[in-house]
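Have a look at the structure below, then the notes.
One is the number of the first residue; the rest follow in order along the sequence. It should be emphasised that the depicted structure is a prediction, and the values quoted were computed from it without experimental measurement.
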Amino acid sequence: MIEVINGSRQLNEQIKQSAEYQNYIDTKKKLCANMDLCNKLREFRMRNYELQNRTNPYDEVSGLVREYDELLHNSIVSDFLRAEQRICRMMQKVYNSIAEGLEFDYLDE
């Protein structure tokens, strides 16, 4: 088990050194330097999350996006969101590659 943990620590360091992660950190710093933008994005995300958990949120989400259109087109916000999306995609690929070929059988006891 220690080998797996050590391998995961090495992978963690490689992820931290990746261009995707560095870009994410840089854009996050720029976003957080402007507390008004940061707070508005948090508010947008919170409202979007609430809407996504409803039965048929399409119209409401569309309205929310229109309401926050200026924020979402702000270059600092859009740069951060694109960087966040890239790091999330990379991490999903990492998770998938780790789990590839592993078989788990969950039996009710």
Side-chain angles (χ1 to χ4, degrees):
M1 170 118 131
I2 192 73
E3 296 87 10
V4 173
I5 299 301
N6 288 337
S8 68
R9 288 184 179 133
Q10 290 173 348
L11 179 58
N12 178 278
E13 287 304 315
Q14 290 175 333
I15 290 168
K16 288 178 183 176
Q17 299 304 315
S18 72
E20 293 86 353
Y21 185 75
Q22 290 300 314
N23 186 40
Y24 169 76
I25 293 299
D26 292 344
T27 58
K28 184 178 179 182
K29 285 178 185 177
K30 287 178 187 173
L31 176 66
C32 291
N34 185 328
M35 286 306 295
D36 186 47
L37 279 179
C38 193
N39 288 334
K40 284 180 182 177
L41 182 58
R42 278 193 192 110
E43 180 182 315
F44 169 78
R45 285 184 155 176
M46 183 178 68
R47 290 181 58 195
N48 186 48
Y49 178 79
E50 290 168 357
L51 292 176
Q52 293 293 329
N53 289 314
R54 295 189 183 166
T55 326
N56 187 8
Y58 179 78
D59 291 335
E60 293 179 72
V61 171
S62 294
L64 181 66
V65 169
R66 280 192 302 278
E67 181 182 340
Y68 283 85
D69 185 65
E70 185 178 337
L71 172 72
L72 297 173
H73 283 90
N74 178 286
S75 63
I76 294 171
V77 173
S78 62
D79 287 349
F80 169 74
L81 291 173
R82 278 193 301 277
E84 181 181 57
Q85 191 175 45
R86 282 191 295 272
I87 191 68
C88 287
R89 274 193 215 119
M90 184 183 83
M91 292 305 299
Q92 186 61 51
K93 288 177 182 178
V94 169
Y95 300 144
N96 289 342
S97 71
I98 290 170
E100 188 176 322
L102 297 178
E103 295 182 29
F104 295 96
D105 226 356
Y106 296 102
L107 302 175
D108 293 335
E109 294 183 28

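In this structure Gln10 satisfies the side chain to side chain contact (heavy atoms under 4.5 Å, CB included) test with no other residue, sequence neighbours excluded. In this view, Glu60 and Leu51, Arg54 satisfy the side chain to side chain contact (heavy atoms under 4.5 Å, CB included) rule, not counting sequence neighbours. Listed by chain and number, the residues in a side-chain hydrogen bond (donor to acceptor under 3.5 Å, both in side chains) with Gln85 are Arg89 (sequence neighbours excluded). Under the side chain to side chain contact (heavy atoms under 4.5 Å, CB included) criterion, Asn6 pairs with Ile2, Arg9, not counting sequence neighbours. With sequence neighbours left out, Tyr21 forms a ring pair (Phe, Tyr, Trp, His ring centres under 6.0 Å) with no residue at all. The side-chain hydrogen bond (donor to acceptor under 3.5 Å, both in side chains) search around Glu3 returns none, not counting sequence neighbours.
In this structure, Met46 stands alone, with no Ile, Leu, Val, Met, Phe, Trp or Tyr side-chain heavy atom under 4.5 Å from its own, directly or through other members. When hydrophobic side chains of Ile, Leu, Val, Met, Phe, Trp and Tyr are connected at separations under 4.5 Å, Met1 ends up clustered with Ile5.
Residue pairs that meet the side-chain hydrogen bond (donor to acceptor under 3.5 Å, both in side chains) test with at least one member in residues 62-81, sequence neighbours left out, are Glu43-Tyr68, Arg47-Glu67, Arg47-Tyr68, Asp69-His73, Asp79-Arg82. Pairs of residues two or more places apart, or lying in two chains, that qualify as salt bridge (Lys or Arg N to Asp or Glu O under 4.0 Å) and include a residue from residues 16-28 are Glu13-Lys16.
Atoms OG1 and CG, from Thr27 and Leu81 in turn, are 8.5 Å apart once rounded to the nearest 0.5 Å.
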Side-chain donor-acceptor contacts of residues 94-101 below 3.5 Å, not counting sequence neighbours, with atom names and distances?
| from | atom 1 | to | atom 2 | distance (Å) |
| --- | --- | --- | --- | --- |
| Asn96 | OD1 | Gln92 | NE2 | 3.0 |
| Asn96 | ND2 | Gln92 | O | 3.3 |
| Ser97 | OG | Lys93 | O | 3.4 |
| Ser97 | OG | Val94 | O | 2.9 |

Donor-acceptor pairs are to be reported for all side-chain atoms of residues 33-40 against protein atoms at under 3.5 Å, with residues two or more places apart or in another chain.
| from | atom 1 | to | atom 2 | distance (Å) |
| --- | --- | --- | --- | --- |
| Asn34 | OD1 | Asp36 | N | 3.2 |
| Asn34 | OD1 | Leu37 | N | 3.1 |
| Asp36 | OD2 | Lys40 | NZ | 3.3 |
| Asn39 | OD1 | Arg42 | NH1 | 3.2 |
| Asn39 | ND2 | Met35 | O | 3.2 |

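Minimum interatomic distance between Leu31 and Phe80 (heavy atoms only, all atoms of both residues): CD2-CD2, 3.6 Å. Between Arg86 and Asn23, the shortest heavy-atom distance links the atoms NH2-ND2, 2.6 Å.
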